[in-house]
**Student:** 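For reference, the structure I am asking about is given below.
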There are 2 protein chains.
Amino acid sequence: MTTTKSPDARVAAILDQLAARGMRRTSARQAILEALFAAESHVTAEDIAVEVHRRFPSVDVSTVYRTLDTLEQLGIIDHTHLAHGPAIFHLADDDHQHLVCERCGRVEEVAPEKLEPFLEALRAEFDFDVDRRHFALVGICAACRDR
Amino acid sequence: MTTTKSPDARVAAILDQLAARGMRRTSARQAILEALFAAESHVTAEDIAVEVHRRFPSVDVSTVYRTLDTLEQLGIIDHTHLAHGPAIFHLADDDHQHLVCERCGRVEEVAPEKLEPFLEALRAEFDFDVDRRHFALVGICAACRDR
DNA sequence: CTGCTTGCAAATAGTTTGCACGTTC
DNA sequence: GAACGTGCAAACTATTTGCAAGCAG
């Protein structure tokens with residue numbers, strides 16, 4: 001399955017996917033994808049731009065944004081808004097809810113299954129589907145509360 | 001109690017409160033407060049600026065932001081971030097959670113008591129206190145889901 | 001007359017866009 | 001050589017800030 005392939009193989013596969021849609025294989029796109037696969041988690045567009053710059057100094061942030069946008073349209077990545085500040089990006093198959101502490105900025109990633117009961121209850125009570133992929137839950141973490 | 005006083009009386013009381021702290025009573029501050037009390041709910045700084053401009057065309061948005069900031073420091077108002085776009089402001093005693101539909105933009109206000117069970121459960125499970133005043137819950141409303 | 005306030009302009013952060021040139025197929 | 005992609009500069013949205021002039025107490 002897809003998730004067991006090596007990062008390089010996955011990058012190549014995505015580039016193939018773009019080509020199949022009449023899009024081009026470019027070094028910028030390849031470098032951006034590689035940066036995405038190399039990243040731990042919650043990277044900003046700026047982070048990716050910096051990383052890509054190390055190999056291709058001419059690549060502009062606007063290209064990074066445009067590429068991230070393209071990848072998101074294809075369902076390959078997602079972006080999430082934490083509290084304030086820039087959006088973060090990650091591979092779409094790495095699905096989770098973000099709990100952000102507005103005091104210390106720490107971001108905790110929670111598995112979908114662990115959160116589902118709450119979202120389900122909200123759905124039942126308010127007929128409202130929380131979009132856990134696109135927005136974080138913001139609050140105070142235990143460490144900051146007790147300090 | 002405070003909430004049963006007329007808007008004008010409450011504006012006067014807040015101006016007194018400022019004066020008691022060595023701050024000045026200015027027409028800009030009065031007009032901004034009046035706009036806040038006149039507003040239905042979820043008004044942006046821009047909304048307030050427009051309203052204030054009708055009577056005092058010279059008042060700058062920066063003054064609106066500075067005044068809102070002052071009022072927030074005094075605990076008189078709060079601001080909340082909906083999905084994208086500008087923050088919204090309202091009187092601090094009008095406490096509620098916002099459910100924002102990211103598709104149609106509709107904002108539903110939910111009484112704290114109705115949401116508390118969920119926040120309580122999240123607290124128990126993740127040791128995390130969601131800040132319901134400062135950030136909305138973003139998702140899809142029933143009408144948009146079924147469309 | 002002291003110093004809090006304000007208007008104005010400019011800076012900021014994050015992201016988007018117009019356009020002419022470059023590159024890929 | 002079309003069509004797609006990119007760099008660059010500029011625009012944009014929401015908000016903040018520096019500074020000198022303006023008022024309130």
Side-chain angles (χ1 to χ4, degrees), chain A residues 12 14-33 35 42-50 52-53 55-74 77-89 105 134-136, chain B residues 12 14-33 35 42-50 52-53 55-74 77-89 105 134-136:
Chain A
I14 292 166
L15 257 13
D16 286 347
Q17 198 179 330
L18 295 189
R21 302 200 174 214
M23 295 169 170
R24 270 100 221 234
R25 291 164 190 283
T26 66
S27 44
R29 284 179 175 165
Q30 186 182 326
I32 291 165
L33 279 165
H42 47 78
V43 274
T44 66
E46 196 51 41
D47 292 336
I48 293 171
V50 166
V52 169
H53 272 187
R55 286 197 295 152
F56 302 94
S58 73
V59 175
D60 195 74
V61 235
S62 63
T63 297
V64 173
Y65 276 107
R66 282 190 272 232
T67 299
L68 292 173
D69 208 58
T70 302
L71 295 174
E72 188 151 21
Q73 309 239 75
L74 294 178
I77 62 171
D78 275 324
H79 79 271
T80 304
H81 300 278
L82 304 183
H84 298 101
I88 57 162
F89 295 82
H134 200 191
F135 287 92
Chain B
I14 293 167
L15 256 14
D16 286 348
Q17 198 179 331
L18 295 190
R21 302 199 173 214
M23 295 169 169
R24 270 92 219 245
R25 292 165 189 282
T26 67
S27 44
R29 284 179 175 165
Q30 186 181 326
I32 290 165
L33 279 165
H42 47 77
V43 273
T44 66
E46 196 52 40
D47 292 337
I48 293 172
V50 167
V52 169
H53 272 187
R55 286 196 295 152
F56 302 94
S58 72
V59 175
D60 195 75
V61 237
S62 64
T63 297
V64 173
Y65 277 106
R66 282 191 272 234
T67 300
L68 292 173
D69 208 58
T70 302
L71 295 174
E72 188 152 22
Q73 309 239 75
L74 294 178
I77 62 171
D78 275 324
H79 79 270
T80 303
H81 300 279
L82 304 184
H84 299 101
I88 57 163
F89 294 83
H134 200 192
F135 287 93

**Student:** Starting from P on dT24(C), measure out to CZ on R29(A) and report it in whole angstrom.
**Tutor:** 11 Å

**Student:** Of the nucleotides dG7(C), dG5(D), dC8(D), which has the atom closest to the R24(A) side chain?
**Tutor:**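 It is dG5(D).
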
**Student:** For the rings on H79(A) and Y65(A), is their centre-to-centre separation under 6.0 Å?
**Tutor:** no

**Student:** To the nearest angstrom, how far is L82(A) atom CG from dG14(C) atom C1'?
**Tutor:** 14 Å

**Student:** Between R25(A) (CZ) and dC4(D) (P), how many Å, whole number?
**Tutor:** 17 Å

**Student:** Side chain of D60(B) only, please: which of dG25(D), dG7(D), dC8(C) is the nearest?
**Tutor:**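 Output: dC8(C).
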
**Student:** For the side chain of T63(B) and the backbone of V59(B), is there at least one donor-acceptor N/O pair under 3.5 Å apart?
**Tutor:** no

**Student:** Nearest-nucleotide wise, let me know which of S58(B) and G22(B) is further upstream toward the 5' end of DNA chain C.
**Tutor:**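 Whichever sits nearer the 5' end wins; that is G22(B).
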
**Student:** Answer whether the closest heavy-atom distance between the side chains of H42(A) and T80(A) falls below 4.5 Å.
**Tutor:** no

**Student:** Roughly how many Å is it from CG in D16(A) to P in dC25(C), rounded to a whole number?
**Tutor:**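 The distance from CG of D16(A) to P of dC25(C) comes to 11 Å, rounded to the nearest Å.
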
**Student:** Rounded off to whole Å, could you give me the NE2-to-P distance for the H53(B) and dT6(C) pair?
**Tutor:** 13 Å

**Student:** When you measure from the side chain of D47(B) to the backbone N and O of T44(B), does any donor-acceptor pair fall under 3.5 Å?
**Tutor:**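 Yes, D47(B) side chain to T44(B) backbone: donor-acceptor pair under 3.5 Å.
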
**Student:** With a cut-off of less than 4.0 Å, is there a side-chain N or O of T63(B) near OP1 or OP2 of dG7(C)?
**Tutor:**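 The answer is yes; a side-chain N or O of T63(B) sits under 4.0 Å from OP1 or OP2.
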
**Student:** Using a 4.0 Å heavy-atom cut-off across all strands, classify T44(B) as base, sugar-phosphate, or nothing.
**Tutor:**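 Contact class for T44(B): none.
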
**Student:** Of T67(B) and P86(A), whose nearest nucleotide on DNA chain C comes first from the 5' end?
**Tutor:** T67(B)

**Student:** Considering only dC4(C), dC19(D), dA9(C), which nucleotide approaches the side chain of R66(B) most closely?
**Tutor:** dC19(D)

**Student:** Across the strands shown, which category fits A19(A) at heavy-atom distances under 4.0 angstrom: base, sugar-phosphate, nothing?
**Tutor:** nothing

**Student:** Rounded to whole Å, how long is the line connecting atom NE2 of H79(B) with atom P of dA14(D)?
**Tutor:**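 The distance from NE2 of H79(B) to P of dA14(D) comes to 14 Å, rounded to the nearest Å.
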
**Student:** Round to a whole Å and report the spacing from NE2 of H84(B) to C1' of dG14(C).
**Tutor:**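 Distance check: H84(B) NE2 to dG14(C) C1' gives 12 Å.
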
**Student:** Any sub-3.5 Å donor-acceptor pair from R24(A)'s side-chain atoms to A19(A)'s backbone N or O?
**Tutor:** no

**Student:** Taking only side-chain nitrogens and oxygens of Y65(A), does any of them come within less than 4.0 Å of OP1 or OP2 of dT16(C)?
**Tutor:** no

**Student:** Do R21(B) and dG25(D) share a donor-acceptor pair, side chain to base, under 3.5 Å?
**Tutor:**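 No, no donor-acceptor pair under 3.5 Å.
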
**Student:** Here's a test of your reading of the structure: between A45(B) and V61(A), which maps to the more 5' nucleotide of DNA chain D?
**Tutor:**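 Taking each residue's closest nucleotide, the earlier one in sequence belongs to V61(A).
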
**Student:** Given atom CZ of F56(B) and atom P of dC23(D), what is their separation to the nearest angstrom?
**Tutor:**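 After rounding, the reported distance stands at 13 Å.
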
**Student:** Run the side chain to side chain contact (heavy atoms under 4.5 Å, CB included) check on V61(A) and I48(A) step by step: do they pass?
**Tutor:** CA-CA 9 Å; V61(A) 235; I48(A) 293 171; over 6 Å; no

**Student:** Please determine whether a side-chain nitrogen or oxygen atom of T26(B) lies at a distance below 4.0 Å from atom OP1 or OP2 of dT6(C).
**Tutor:** yes

**Student:** Please figure out whether F89(B) or V64(A) has its closest DNA chain D nucleotide nearer the 5' end.
**Tutor:** V64(A)

